Amino acid sequence: MSESEPDEPSGTASTNETESADETDAPADTESADDTRSDEVEGDSHYAFWADEVADAIEARDPEEPIVVKGGISPSGVPHLGNVNEIMRGYFVAEVLRERGWAVRQVFTTDDRDPLRKLPRKLADLDGNIVDLGDVNAGALGRNLGHAYTDIPDPFGCCDSYGDHFSTLIAESAELLDVPIDVVSTTELYESGRMDDVVEHVLRNREQAREVLSEYQDKVDEDYVPFNPFCSNCGKVTETVTGVNVDERTVEYRCTDIEAGNRTIEGCDHEGTAIFREGKLPWRFEWPAQWQVLGVDFEPFGKDHAEGSWPSGVDIAETVLDIEPPEPMVYEWFTLDGEPFSSSEGNVVLAHDVLELLDPEVVRFFFAKDPNRARDFSIERLDQLVDEFDRVERLYYGEESGTEQEERRAERVYPFLVSLTDVPPEALAKSELFEAVADGEAEHAVTFDHNDTHDRERRREFVDEAFRQRVRLPYTFAAVLGMFDDDSARMATAKKEGHVADDDPEWAVEDAFGRVALASEWADRTDNEYNYTVARTEMPDVSVDGDTATALDDLADFVAEGADGEAIQGEIYESARRHDLDVGGFFAVGYQLFFGETEGPQLGYFLDDLDREFVVGRLRREA
RNA sequence: GGGCCGGUAGCUCAGUCCGGCAGAGCGUCUGACUCUUAAUCAGACGGUCGAGGGUUCAAAUCCCUUCCGGCCCGCCA
């Protein structure tokens, strides 16, 4: 539910019940110093995972099944990583509740009935490629200011509407992270008539509605009507309702100018009549109305709502609609390399982008952290995030020990980070559990009912066992491997460094090397120290003294005879020593010859990976 | 001006709700090893827990004040 520039997440999980009045027999604070129930400290009163606390609060409401977890955003432009909060934070809570045996429905509203108020600077095609506004038909888009997103043609021409286009991208984000959500179009809610009753209720009680809202918004005056019809003449949303006929379920309006930010969107002066399905409630009412229509029990939202639309929404829900508002959770916003996320600029805003750099489980891990803290999604230091995840994973599988706190958290959180779609198809196909379903193709065609407890357990168990056999290449190491062209060279280096063992399952090894592409992309995008380039066309300027020259010639002869990586690596040491050279210095000369740098990858293995002729020639300083 | 959230090692953060020796990873430094971009192993260094006051036998943690940062308190979502 955010739309402007800095849409981010951040969290605040405050939920004080403020139940001041518990009078009667409150056996509460019996200071009973008795021992009898010697408080066995370290109970589980203190959760390792925030989602458990939220789940407690939801259960305390005595909800009906299925428990409805909601999230939502306005499909105003490129959905960025901050928006993914609306999906992931709810997901963890949903999964905890499912683990506790509850049926949960996670819905996601795309608030596509909202009017386009300003043109975004960047758009994205369905593959997630960022495109400048100027590269699509900006003029056509400009003529649609004030129109509902679902009434605006898709600038890319691939979806039914502008709103549909970006809703599709959001839905894809959830899918990429294997989060099962029901995407609900707000436009569809209105047009299908599902909102009619709430709209009628609000308009029937518009006096009261106005009164309540006026406590939160100064602009609410006597003429305020909590409904915005779309003009039947020009299609623009209009804020001037001149008459209400609740029984007929219609309103009369005049199409006047509306203010959007610092500009005015002109109305056409048309006067008409609209039915409820031809308009929308203002956001402050629409949100609570969604809670009612969808039966929402829990909803996370960004901190921008915490002091704005949330308090008024609660009041409207309780006073006007007479419903219980959902359990709230505020999340802090993320920044991208220190800057606010913005739908209109930058790259790496989409889940699609992030997944070119990170394993999906690492992305989920990022969202499993305390929502209450603002975090920076630092591309530069993605290796830290990955390392942190890898450690949590090792802690979970008991392959490493940590502090008690770390181990508790790892044990509790890790299972929610890995998903069936993360398991390579080969492993899936080999599983006895999945034999029946996987016989056709080794596809991830296995679908589970997330709310079926038995299915859920089988899935969790399987994933747990599969990942126990996983192979992980440290992220930066994977970046190093990215410089090798040849798979066998990569494998040799990985084995030598002990990241791959001979008895590791083939599928796990293959899967592990998937990180090479991710880390290489990272090295490439950040152009960091792992982004080495072999200086092929021109020999770097290196001064080589007599002994060094001889040693290099020796080495060249050795390579020319056809030695493998390990042998070359050994020969580098040998030839240096033979000529009384400092080994480190000799390596440095090697790196300079091939990269123009003083450091580089394990040279022997790397040279083996390059074509022999080039290597020999360069060692002889010929070209 | 009012409200919400955050401020803990050079970096990224746990720990704060429930007071009990200030923690982890990374980085740095030392040493080891066929020293070479990720290393690995052993060890060390590293903290006015934003600041001040209060409560307490004991405070990063609870209370009050205060500083800094983000957001909200117009509209829109």
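Below, chains carry the letters A, B, ... as their sequence lines are ordered, and counting in each starts from 1. In this text the structure is predicted, and so the values were computed from the model without any measurement.
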| Are OP1 or OP2 of C75(B) and a side-chain N or O of Gln217(A) less than 4.0 angstrom apart? |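 Yes, within the criterion.
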| Below 4.0 angstrom from OP1 or OP2 of A77(B), is there any side-chain N or O of Lys280(A)? |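 Yes, such a contact exists.
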Whole-Å [atom1] distance, [N] and [M]:
N	M	atom1	value
G52(B)	C13(B)	C1'	27 Å
G27(B)	A39(B)	C1'	15 Å
C29(B)	U34(B)	C1'	24 Å
U56(B)	U8(B)	P	29 Å
A9(B)	G46(B)	C1'	6 Å

Pairs: protein N or O with nucleotides 24-29 of chain B N or O, under 3.5 Å:
residue	atom	partner	partner atom	Å
A24(B)	O2'	Arg391(A)	NH2	3.0
A24(B)	O2'	Glu406(A)	OE2	2.5

| task | Please determine which of Val354(A), Val363(A), Thr335(A) meets the side-chain contact (heavy atoms from CB on, under 4.5 Å) test together with Phe377(A). | result |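 Only one option passes, and that is Val354(A).
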| query | Are more than 12 heavy atoms from other residues, nucleotides or ligands located less than 6.0 Å from atom CD of Glu399(A)? | reply |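 Correct, the count exceeds 12.
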| Do other residues, nucleotides or ligands put more than 12 heavy atoms under 6.0 Å from Glu215(A) CD? |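 Counting neighbours around CD of Glu215(A), more than 12 heavy atoms of other residues, nucleotides or ligands fall under 6.0 Å, so yes.
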| said: Does Arg577(A) reach a base, just sugar-phosphate, or nothing at all? Heavy atoms under 4.0 Å. | reply: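 Contact class for Arg577(A): sugar-phosphate only.
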For [X], what residues pass the side-chain hydrogen bond (donor to acceptor under 3.5 Å, both in side chains) criterion, not counting sequence neighbours?
X	value
Tyr397(A)	none
Asp164(A)	none
Arg394(A)	Glu400(A)

| query | Taking for each residue the nucleotide of RNA chain B bearing the nearest heavy atom, is the 5' side occupied by Asp376(A) or by Ala479(A)? | reply |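 Nearest-nucleotide comparison on RNA chain B picks Asp376(A).
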| query | Are any of the side-chain nitrogens in Arg210(A) or Glu222(A) under 4.0 Å away from the carboxylate oxygens of its partner? | reply |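 Judged by the 4.0 Å cut-off on N to carboxylate O distance, Arg210(A) and Glu222(A) do not form a salt bridge.
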| Under 4.0 Å between a Lys/Arg side-chain N and an Asp/Glu carboxylate O for Glu388(A) and Lys369(A)? |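 Counted as a salt bridge, because a side-chain N and a carboxylate O are separated by less than 4.0 Å.
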For nucleotides 6-8 of chain B, print each protein N/O atom paired with a nucleotide N/O atom at under 3.5 Å, atom names and distance only.
residue	atom	partner	partner atom	Å
G6(B)	OP1	Asn372(A)	ND2	3.3
G6(B)	O3'	Arg373(A)	NH1	3.0
G7(B)	OP1	Arg373(A)	NH1	2.3
G7(B)	OP1	Arg373(A)	NH2	3.0

| request: Establish, from distance only, whether the side-chain atoms of Asp56(A) and Tyr47(A) form a donor-acceptor pair under 3.5 Å. | output: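 Yes, Tyr47(A) and Asp56(A) have a side-chain donor paired with an acceptor closer than 3.5 Å.
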Nucleotides 19-22 of chain B: which of its N/O atoms have a protein N/O under 3.5 Å away?
none

